[in-house]
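Please read the structure below before turning to the comments.
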Amino acid sequence: MIQTSPVATIARLREHVGQVVTLRGWAVHLRSSGKIRFVVLRDGTGIAQGVLIKGHLPEEDFAAFEELTLESSLTLTGRVKAEPRAPGGFELEVSGLQLIHIAQEYPIQPKEHGVGFLMDHRHLWLRSPRQQAILRVRDEVCRACRDFFHERDFVLIDTPILTPTACEGTTSLFETDYLGRGKAYLSQSGQLYLEAAAMALGRVYCFGPTFRAEKSKTRRHLTEFWMVEAEAAFYTLEDLLALTEELVSYIVARVLAHREEELALLERDTAPLKAVTKPFPRLSYTEAVARLKEQGMKMEWGEDFGGDEETLLSRMFAAPVIVHRYPRRAKAFYMEADPENPELALCVDMLAPEGYGEIIGGSQRVADLEVLLARLQEYGLPREPFEWYLDLRRYGSVPHSGFGLGIERTVAWLCGLKHVREAIPFPRLLDRLYP
RNA sequence: UCCCCGGUAGCUCAGCAGGUAGAGCGGGUGGCUGUUAACCACUUGGUCGGCGGUUCGAGUCCGUCCCGGGGAGCCA
């Protein structure tokens, strides 16, 4: 395509005021008032308005407006002008319009649509300003996680997605045939492999998709979701609590600093996010149960928290709340017992405020071979597939701890979303695999 | 897996007591020199989720299945 003027992006239009530039993008609003016509263009960096005045551009280009439909692609060339009346604050006095592709009748209108319809058109829904804003926040969260760990000398370790066994025997797994040699499962956590890597590199983390085949149908569940997990040799539960607290406050600060515009577009009240500062409130499970009972919840010591309990607990504090030392029998086989009370596990959950619930789960891991062997038996797990994992306790075992943070739940919280399905580009849900 | 709600035009919905299927938006045509989800006029648009039943007659009542939404459980 022949360009007669420099190509600009809408986000940087202010640097081109007074100059003639070309914008490339898609039509989002088309209005005509006879001899004056308006095209609102989006290019992925923002929106800007082009004004077409009869006689100020070739007649052919002026007439091409008539062919435009919503989401048609085109280029606009013109002089940049600051204009308070224009969406985005800048407009182009169009001297040239080139059609690239005329879109068919676009299904998504600037009006209310049902969730089902929007999800069926997720590939197009992503173009809407709100979805773009969410995806930019997600991008910031992911980058913050990587930066955080690199600044602290954690090494990125890519753990396998196809695995021979469950990390935690209890949850259901996606099963696939492995080239006729038996079953393979989609990973539900990189943790076990990360533990091996921690014994090699000290501090490690992984960042990738995880899969849970549970038939969960709630606002906080996906069947495929992203998790950042960290594992560190010689870390105790106390070290772990400090690390999770640091990570979450780091993420929140980064999003507030770099994604203010997006949060404003999402109409996210940032006051509760600005209140997220260290130290976070810490409660033992036993204390949490007592607090819930005070609030009138009917539950007994030993039961895990349900959705209602989590919501209530997270609403009691401005910052995320750290709940530690749950009853061991409600938790996974690899968690170290509390030496002060063997009925408790040295574990942690972090609950996001405003009712968002669990975003982090972690624990100190069993370091002793005999204890781990007994656990496998206790939980009814076969020993053979875990032999490699047991080796970690045979060759220089050390205390170590790790955790995982759910990306979508974190993004949903930061953006103030009602459901995690909007926090991932293409959500995989119980009854949704398309698009 | 269980409970609740829903499925009518491309979209969002209305449709009373069973009696010839409606609106707004979108699409199309025309008008308008500053529009902001523009406005005005005209116009287009239907396998009422599928199957079966009751009835002279079913979008409407009954049965069943499918799909979607919300919640529970389970889970992180």
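Reckoned from all heavy atoms, side chains included, excluding hydrogens, waters and symmetry mates. Lettering of chains follows the sequences in order, A, B, ..., and the numbering in each one begins at 1.
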Applied to residues 84-104 of chain A, the salt bridge (charged side-chain N to carboxylate O under 4.0 Å, His left out) test, sequence neighbours excluded, yields Lys81(A)-Glu91(A), Lys81(A)-Glu93(A), Glu83(A)-Arg85(A)
What's Gly114(A) touching, base or sugar-phosphate or nothing? Going by heavy atoms closer than 4.0 Å.
sugar-phosphate
Rounded off to whole Å, could you give me the CG-to-P distance for the Leu70(A) and G26(B) pair?
10 Å
For G45(B) and C66(B), measure between their C1' atoms and round to the nearest Å.
27 Å
Determine the Euclidean distance between corresponding C1' atoms of A21(B) and C16(B); express it in Å to zero decimal places.
15 Å
Dump every N/O contact between nucleotides 30-32 of chain B and the protein below 3.5 Å, one line per pair.
from: C32(B); atom 1: N3; to: Ser32(A); atom 2: O; distance (Å): 3.4
from: C32(B); atom 1: N4; to: Ser32(A); atom 2: OG; distance (Å): 3.3

If I take atom CD in residue Glu310(A) and atom C1' in nucleotide G73(B), what distance separates them, rounded to the nearest angstrom?
14 Å
Would you call the rings of Phe154(A) and Tyr235(A) parallel, tilted or perpendicular, where under 30° means parallel and over 60° means perpendicular?
perpendicular
In this structure, how many angstroms lie between the C1' atom of G26(B) and the NE2 atom of His121(A), rounded?
13 Å
Stepwise, does the side-chain hydrogen bond (donor to acceptor under 3.5 Å, both in side chains) test hold for Trp301(A) with Thr286(A)?
CA-CA 7 Å; Trp301(A) 194 97; Thr286(A) 305; 3.0 Å; yes
The side chain of His29(A) lies closest to which of these nucleotides: G70(B), A37(B), C11(B)?
A37(B)
For the rings on His121(A) and Tyr106(A), is their centre-to-centre separation under 6.0 Å?
no
Specify the separation, in whole Å, of atom NE2 of His113(A) and atom C1' of G26(B).
9 Å
Which nucleotide in the list U35(B), G27(B), C75(B) gets nearest to the side chain of Arg85(A)?
U35(B)
Specify the separation, in whole Å, of atom CD1 of Ile102(A) and atom C1' of G27(B).
15 Å
Sugar-phosphate only, base, or nothing, as touched by Phe38(A) at under 4.0 Å among non-hydrogen atoms
base
What interatomic distance, in whole Å, is found between P of G10(B) and the corresponding atom of C48(B)?
12 Å
When the distance from CG of Leu57(A) to P of U33(B) is rounded to whole Å, what number comes out?
16 Å
Counting any heavy atom closer than 4.0 Å, what does Gln109(A) reach on the DNA or RNA strands: base, sugar-phosphate only, or nothing?
base
Non-hydrogen atoms of Arg31(A) and Phe65(A) that approach each other most closely
O-CZ, 3.5 Å
Is there a donor in the side chain of Glu229(A) and an acceptor in the side chain of Ser189(A), or the other way round, less than 3.5 Å apart?
yes
Would you indicate what His419(A) reaches in the nucleic acid, counting non-hydrogen atoms under 4.0 angstrom: base, sugar-phosphate, or nothing?
sugar-phosphate
Which is true for Arg432(A) with a 4.0 Å heavy-atom rule: it touches a base, it touches only sugar-phosphate, or it touches nothing?
sugar-phosphate
Using heavy-atom distances to pick each residue's nearest nucleotide on RNA chain B, tell me which of Leu222(A) and Ile53(A) is more 5'.
Ile53(A)
Measuring to OP1 and OP2 of A72(B), would you say a side-chain N or O of Arg220(A) lies under 4.0 angstrom away?
no
Looking at Ser216(A) and C74(B), is any side-chain donor or acceptor paired with a base atom of the opposite kind under 3.5 Å?
yes
If you take all heavy atoms of Val252(A) and Leu273(A), which pair is closest and at what distance?
CG1-O, 3.4 Å
I would like to know whether Gln131(A) and Glu422(A) meet side-chain hydrogen bond (donor to acceptor under 3.5 Å, both in side chains); could you show each step before the answer?
CA-CA 7 Å; Gln131(A) 298 307 314; Glu422(A) 281 185 68; 2.7 Å; yes
Please check if the distance between the ring centroids of Tyr193(A) and Trp388(A) is under 6.0 Å.
yes
Could you state the NZ-C1' distance from Lys418(A) to G69(B), rounded to the nearest angstrom?
14 Å
Can you tell me whether the side chain of Gln104(A) and the base of G10(B) have a donor-acceptor pair closer than 3.5 Å?
no
P spacing across the pair G53(B) / G15(B), given as an integer number of angstrom:
29 Å
Which value, in whole Å, describes the distance between the C1' atoms of nucleotides U8(B) and A23(B)?
13 Å
What is the nucleic acid contact for Tyr106(A), judged by heavy atoms within less than 4.0 Å: base, sugar-phosphate only, or nothing?
nothing
Of all the choices, U1(B), C74(B), U35(B), which nucleotide is nearest to the side chain of Lys215(A) once you look at every atom?
U1(B)
Extract the stems that RNA chain B is part of, considering only consecutive pairing runs of at least three Watson-Crick or G-U wobble pairs, both distances under 3.5 Å.
B:1-7 with B:66-72, B:10-13 with B:22-25, B:27-31 with B:39-43, B:49-53 with B:61-65
With heavy atoms under 4.0 Å as the rule, sort Pro107(A) into base, sugar-phosphate or nothing.
nothing
If you check the Lys217(A) side chain, which of C25(B), G69(B), C74(B) turns out closest?
G69(B)
All heavy atoms of Pro425(A) vs all of Leu135(A), minimum pair found to be CG-CD2, 3.9 Å
With a 4.0 Å cut-off on heavy atoms, is Ile47(A) in touch with a base, just the backbone sugar-phosphate, or nothing at all?
nothing
For nucleotides U33(B) and G27(B), find the distance between their C1' atoms and express it as a whole number of Å.
26 Å
Across the strands shown, which category fits Glu408(A) at heavy-atom distances under 4.0 angstrom: base, sugar-phosphate, nothing?
nothing
Any donor-acceptor pair under 3.5 Å joining the side chain of Gln49(A) to the base of U35(B)?
yes
With the side chain defined as heavy atoms from C-beta on, Arg421(A) is closest, among U33(B), G70(B), G73(B), to G70(B)
With a 4.0 Å cut-off on heavy atoms, is Lys54(A) in touch with a base, just the backbone sugar-phosphate, or nothing at all?
nothing
Same-atom distance (C1') from G59(B) to G19(B), integer angstrom
13 Å
Is it the case that the ring center of Tyr185(A) lies less than 6.0 angstrom away from the ring center of Phe211(A)?
no
Show, in sequence, the C-alpha distance, side-chain angles and deciding distance for Ser363(A) and Arg365(A), and conclude whether the side-chain hydrogen bond (donor to acceptor under 3.5 Å, both in side chains) test is met.
CA-CA 6 Å; Ser363(A) 68; Arg365(A) 322 301 192 188; 2.7 Å; yes
Pick from Asp349(A), Asp304(A), Asp338(A): which one makes a side chain to side chain donor-acceptor pair (under 3.5 Å) with Tyr326(A)?
Asp349(A)
Name the nucleic acid region contacted by Asp431(A), choosing base, sugar-phosphate or nothing; use a 4.0 angstrom heavy-atom cut-off, strictly under.
sugar-phosphate
Distance between C1' atoms of C56(B) and U20(B) (Å, rounded)
15 Å
